[in-house]
Number of protein chains: 4
Amino acid sequence: MARGINKVILVGNLGNDPETRYTQGGMAITRISLATTSVRKDKDGNQQERTEWHRVVFFGKLGEIAGEYLRKGSSVYVEGSIRYDKYTGQDGQEKYSTDIIADEMQMLGGREGGGGGGMGGGDRPARTPRQEYGNQGGGGGQRRQAPAPASQPAPMDDFADDDIPF
Amino acid sequence: MARGINKVILVGNLGNDPETRYTQGGMAITRISLATTSVRKDKDGNQQERTEWHRVVFFGKLGEIAGEYLRKGSSVYVEGSIRYDKYTGQDGQEKYSTDIIADEMQMLGGREGGGGGGMGGGDRPARTPRQEYGNQGGGGGQRRQAPAPASQPAPMDDFADDDIPF
Amino acid sequence: MARGINKVILVGNLGNDPETRYTQGGMAITRISLATTSVRKDKDGNQQERTEWHRVVFFGKLGEIAGEYLRKGSSVYVEGSIRYDKYTGQDGQEKYSTDIIADEMQMLGGREGGGGGGMGGGDRPARTPRQEYGNQGGGGGQRRQAPAPASQPAPMDDFADDDIPF
Amino acid sequence: MARGINKVILVGNLGNDPETRYTQGGMAITRISLATTSVRKDKDGNQQERTEWHRVVFFGKLGEIAGEYLRKGSSVYVEGSIRYDKYTGQDGQEKYSTDIIADEMQMLGGREGGGGGGMGGGDRPARTPRQEYGNQGGGGGQRRQAPAPASQPAPMDDFADDDIPF
DNA sequence: TTTT
DNA sequence: TTTT
């Protein structure tokens with residue numbers, strides 16, 4: 001049984017449009033890059049900013065919704081858990097990655113639309129914001145129970161459902 | 001100003017005794033390795049366990065308390081934020097690390113004492129559990145404002161306060 | 001759709017054995033009284049304690065587990081949401097109550113067993129602690145979607161499923 | 001020492017302009033009414049909405065900021081703890097109230113401005129949103145350590161600092 | 001009413 | 001490496 005609590009709560013903005021892929025079994029996997037910025041005063045009393053970029057992953061139904069409604073610049077609430085992965089890079093080196101596996105999401109009203117999407121076509125408009133979505137409903141049955149494949153620096157191409165290492 | 005929320009809540013057990021170091025300015029920095037285990041059913045309906053090992057860092061007064069009261073096996077509640085760091089390894093490669101910067105902690109009653117400590121002297125008994133500590137009080141003034149140096153695979157030896165990269 | 005986040009995280013001890021009832025439809029509803037104690041320094045610098053007693057409600061499968069495994073004195077992690085209710089007391093007066101509707105629970109290792117139960121028979125031993133349970137799985141299908149009836153000072157006797165006011 | 005965790009996280013919208021009062025000692029106390037709405041499917045498969053109205057209280061510096069920047073309609077993230085109070089109403093009856101004592105707040109970008117304020121003059125424009133504020137800094141020293149007086153149905157007029165019942 |  |  002589960003022992004321990006591993007919970008993450010984020011509110012931040014997307015640095016790019018989401019990227020959605022599908023497993024061979026048809027399950028959506030959407031990844032976003034989410035910025036949270038904090039401030040502290042350094043020892044000279046100056047305001048110092050620091051931004052963390054979180055790699056957030058949405059599976060299944062939540063992945064479809066995230067891919068459809070979120071855009072670069074969108075403001076979003078995410079709840080999930082931290083997942084650490086280790087893999088061998090293409091250079092043969094061991095690498096580590098950290099992902100936030102989302103199991104709840106809610107769009108907030110800031111900068112929806114976003115636009116000017118990053119690399120790909122992007123630029124589909126976001127729909128109505130301020131809705132909450134979770135991955136816990138019965139039925140489709142992929143929620144945290146069906147979490148993350150290999151992580152960011154790692155490629156996630158061409159993988160079958162069976163490749164999901166968990 | 002701050003934009004966004006970056007909050008982590010963990011309940012887990014220490015895999016080893018804490019490691020405490022001090023900056024040249026005398027500030028304590030304590031690191032622990034904290035396990036949280038979750039379960040899911042795989043597609044064959046079998047229970048699959050997965051453990052995440054979180055690297056948690058406590059600064060200042062909180063670092064002193066963590067170093068003094070926590071032990072291998074201790075059960076603890078931690079609240080903090082995620083911090084991602086990038087550094088150059090001794091092999092000249094860019095590496096990444098992820099730390100949880102604690103700003104609150106509370107010992108829970110499970111397996112206090114721990115004992116059988118790892119490598120170093122260790123084995124001092126834990127004191128009374130079930131107390132909550134935070135890093136927000138005025139005075140000493142190191143709290144999240146004085147967060148993490150380079151991360152785990154990275155060495156944290158011999159650094160002066162000025163070396164703290166934030 | 002949902003707008004907003006309403007999330008509560010509690011770690012505390014039960015003041016009494018749980019009370020479990022069943023709807024006419026057979027759904028379990030378990031209530032516990034959970035203490036959390038905080039400290040502050042008053043203006044004279046003295047430590048002042050204050051205990052909050054949370055009325056936590058578990059529905060469905062989670063209600064069965066809570067009723068079976070928790071006991072007076074048990075230490076438990078609860079995650080849920082706040083629910084405010086208004087009802088007319090037997091004296092004809094409008095009254096208010098506040099409940100925490102649990103959707104996740106995890107027993108912690110403190111004082112399991114409890115024993116010496118309050119008023120009723122009680123005194124069944126708690127089972128193995130340190131397991132996490134949630135109400136989100138498909139199937140039975142009562143989770144937050146099937147939350148709380150009238151609240152504490154209000155009686156919760158003899159109600160049919162149809163009486164659940166939501 | 002503290003035993004237990006009592007943590008609340010809310011994202012919602014203000015139903016009215018904030019109300020700010022000052023203790024005789026000059027400490028600001030600001031109250032807001034914050035809505036969070038959730039949905040569930042009832043047994044007929046229809047979407048059922050339910051809104052909780054949280055009474056959130058900000059003290060000290062945080063109270064000043066909340067009073068100055070929040071407005072009816074503002075979207076806000078609040079972190080704090082639950083506080084239950086019992087008092088004797090003007091009708092001589094015992095009454096109960098529940099407040100969320102905020103210790104962190106961050107304005108979100110939705111509907112700032114708000115306008116059309118409720119009862120009082122209101123209608124000052126909100127300032128720049130998306131900033132995070134906490135009550136933990138040293139100095140003034142009112143944070144959760146200086147929480148809530150009597151609660152909503154209860155009057156909070158004319159009270160001196162010494163009247164604060166904690 | 002719990003717990004430390 | 002912990003814990004159940």
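Every chain is numbered from 1, with letters handed out A, B, ... down the list of sequences.
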Atom of B/G67, atom of B/T20 and distance for their closest heavy-atom approach
CA-OG1, 3.5 Å
Rounded to whole Å, how long is the line connecting atom [atom1] of [X] with atom [atom2] of [N]?
X: C/M107; N: F/dT4; atom1: CE; atom2: C1'; answer: 11 Å
X: C/E49; N: E/dT2; atom1: CD; atom2: P; answer: 14 Å
X: B/R71; N: F/dT1; atom1: CZ; atom2: P; answer: 20 Å
X: B/Y69; N: E/dT4; atom1: OH; atom2: P; answer: 16 Å
X: B/D17; N: F/dT1; atom1: CG; atom2: P; answer: 15 Å
X: C/L108; N: E/dT4; atom1: CG; atom2: P; answer: 13 Å
X: B/R50; N: F/dT1; atom1: CZ; atom2: C1'; answer: 16 Å
X: C/N13; N: E/dT1; atom1: CG; atom2: P; answer: 16 Å

Which nucleotide in [options] has an atom nearest any side-chain atom of [X]:
X: C/S33; options: E/dT2, F/dT2, E/dT1; value: E/dT1
X: A/R3; options: E/dT1, F/dT2, F/dT4; value: F/dT4
X: C/N16; options: E/dT1, E/dT4, F/dT2; value: E/dT1

Residue pair [X] / [Y], side-chain heavy-atom distance below 4.5 Å:
X: C/S97; Y: D/Y96; result: no
X: B/F58; Y: B/V78; result: yes
X: D/Y84; Y: C/H54; result: yes

Dot-bracket notation for DNA chain E, counting Watson-Crick and G-U pairs under 3.5 Å, with | for partners on another strand
....
With a non-hydrogen cut-off below 4.0 angstrom, is C/T36 in contact with a base, only sugar-phosphate, or nothing?
nothing
With sequence neighbours excluded, residues passing salt bridge (charged side-chain N to carboxylate O under 4.0 Å, His left out) with C/E64:
C/K61
salt_bridge(C/E49, D/R3) N-O dist < 4.0 Å
yes
Thinking salt bridges, do B/K95 and B/D85 make one under a 4.0 Å N-O criterion?
no
So, do B/W53 and F/dT1 meet the stacking rule of ring centres under 5.5 Å and planes under 30°?
yes
